[in-house]
Amino acid sequence: MIAKRETEKCIYMDHAATTEMLPQVVHAMEPYLMGEFGNASTSYDMGKKSRTAVEHARKIIADILEARPEEIYFTSGGSESDNWAIKNAAGANKHRGRHIITSAIEHHAVLRSCEYLEGLDYAVTYLDVDDCGIVDMNRLRESIRDDTVLITVMTGNNEIGTLEPVGRIGALARERGIVFHTDAVQAVGQIPMSVSRLPVDLLSASAHKFHGPKGVGFLYVRRDLELPSFIHGGSQERGRRAGTENVAGIVGMAEALKIAASEMSVVRPRLIGLRNYFAERVLHEIEGARLNGHPVKRLPGNLNFSFAGVDATSLLVLLEEQGICASAGSACSTGEVRISHVISAIRVPDAYAAGSVRFTMGRDTTRFMVDAVIIALKQSVAALRGA
Ligand SMILES: *Cc1c(COP(=O)(O)O)cnc(C)c1O
């Protein structure tokens, strides 16, 4: 087994960007990286072992989500799942209409897919959110048209952590006969997710956000939903997603989700406690600090703060010098000095908008780490304000 490196490079506060694979995950994958390398589509014994491993993984994931195994399709990650769900649910229903509803704060994998469809003469409504980042159900209801064929709203926001009312959105979509997709990449493995209780037709997830490997994810597709293939080729994934299966990745993803699900009743309340403690101290001890997103309807490990008059990029540099890894908004926009679409959408006041920093905690985050981050944060904010 690969030994975990003991030298911790930083206090890792960026679990929304990616997470470290657990030793058990690496261990579960190892046989399929070397040795059991058979193609899952071949008939001899070595291939059958890969097939068995893939189907076992599918069963584990389906059981956790309370789905049927045949409703789980393996993909290369969250971005592919989002692209597939949105582009092809829209395509399959174009005879019924070409209107899509989404929110203004979606991940770029969703927003850019919708923009792509606009180029193909679809109309897209980008729903405003309130100051906490929550989609307004009345606005959603009003924006439904006779030609609306798809609603896509994320479960938990990757920047500000806000949890959307996906249960109510899904119920409304179902009532109106509209396909409902949710990007649950930040939610799966963090909060309980069940497609038997949530009225959702399509749900995206990604392994590297829950301590699994990068480059693998899945799309839940409700039984009987029409969703044409996105990747054409061989007949893998029941002809709906061609390409030789990423056996090791799929096995690692299932192991990671199994661990996350089994630990959730302990990890989730612990992270919520740490999150509330962290927020309370920052808001009390640092002047001109603001918590972005909803105070409680948010992902367990997510905090997003703004500090008046402080530039996030400079703050991140100072934090990194003190061994702390955090992010300004989404990882995808680092390097670009612009205010993220999410921070703009929740109308963060100008004095605060440029100083938005995200801290996302995970299963290994301790109170000791949080205390160290708060000390560094206080010093860094004071230094940048020239105190
Ligand atoms: C990370 C993320 C994605 C993209 O997933 P990848 O597996 O990295 O492609 C999509 N949506 C959300 C909300 C994410 O956080």
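What you are looking at is a predicted structure, and each value in this text was computed from that prediction instead of being measured. Both counts, for ligands and for their atoms, begin at 1 and track the order of listing.
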Under 3.5 Å between some N or O of ligand 1 and some N or O of [X]?
X      : result
Gln186 : yes
Ala109 : no
Ser76  : no
Ser206 : yes

Tell me the protein heavy atom at minimum distance from [atom], and give that distance in Å.
atom                   : value
atom 1 (C) of ligand 1 : Lys209 NZ, 1.4 Å
atom 3 (C) of ligand 1 : His107 NE2, 3.4 Å
atom 6 (P) of ligand 1 : Gly78 N, 3.5 Å
atom 4 (C) of ligand 1 : Ser79 OG, 3.6 Å

When you compare the side chains of [X] and [Y], does any donor N or O come within less than 3.5 Å of an acceptor on the partner?
X      : Y      : result
Ser306 : Asn292 : yes
His15  : Thr360 : no
Thr155 : Thr182 : yes

Ligand 1 versus [X], non-hydrogen atoms closer than 4.0 Å: side chain, backbone, both, neither?
X      : value
Asp82  : side chain
His208 : side chain
Glu80  : neither

Centroid separation Phe359 to Phe278 less than 6.0 Å: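 Phe359 vs Phe278: aromatic centres under 6.0 Å.
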
For Gly77, atoms of ligand 1 separated by under 4.0 Å from a heavy atom: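 Answer, ordered by atom number: 7 (O).
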
Donor-acceptor pair, distance only, cut-off 3.5 Å: does the side chain of Ser81 make one with the backbone of Phe218?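 Here the side-chain-to-backbone pair exists.
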
Using a 3.5 Å distance criterion without hydrogens, assess whether the side chain of Tyr44 forms a donor-acceptor pair with backbone atoms of Met46.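 Answer holds: no.
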
I'd like to know if Leu384 and Val381 are part of one continuous hydrophobic network [Ile/Leu/Val/Met/Phe/Trp/Tyr, side-chain heavy atoms within less than 4.5 Å].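 Yes: a chain of side-chain contacts under 4.5 Å links Val381 to Leu384.
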
Would a hydrophobic clustering, with Ile, Leu, Val, Met, Phe, Trp and Tyr connected at side-chain separations under 4.5 Å, put Leu271 with Val185?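 Different hydrophobic clusters.
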
Atom 10 (C) of ligand 1: which of Val216, Asp183, Ile105, Thr182 has the nearest heavy atom?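 Answer by nearest heavy atom: Asp183.
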
Near Tyr126 OH, under 6.0 Å, is it more than 12 heavy atoms from other residues, nucleotides or ligands?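 Yes - once you tally the heavy atoms of other residues, nucleotides and ligands closer than 6.0 Å, there are more than 12.
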
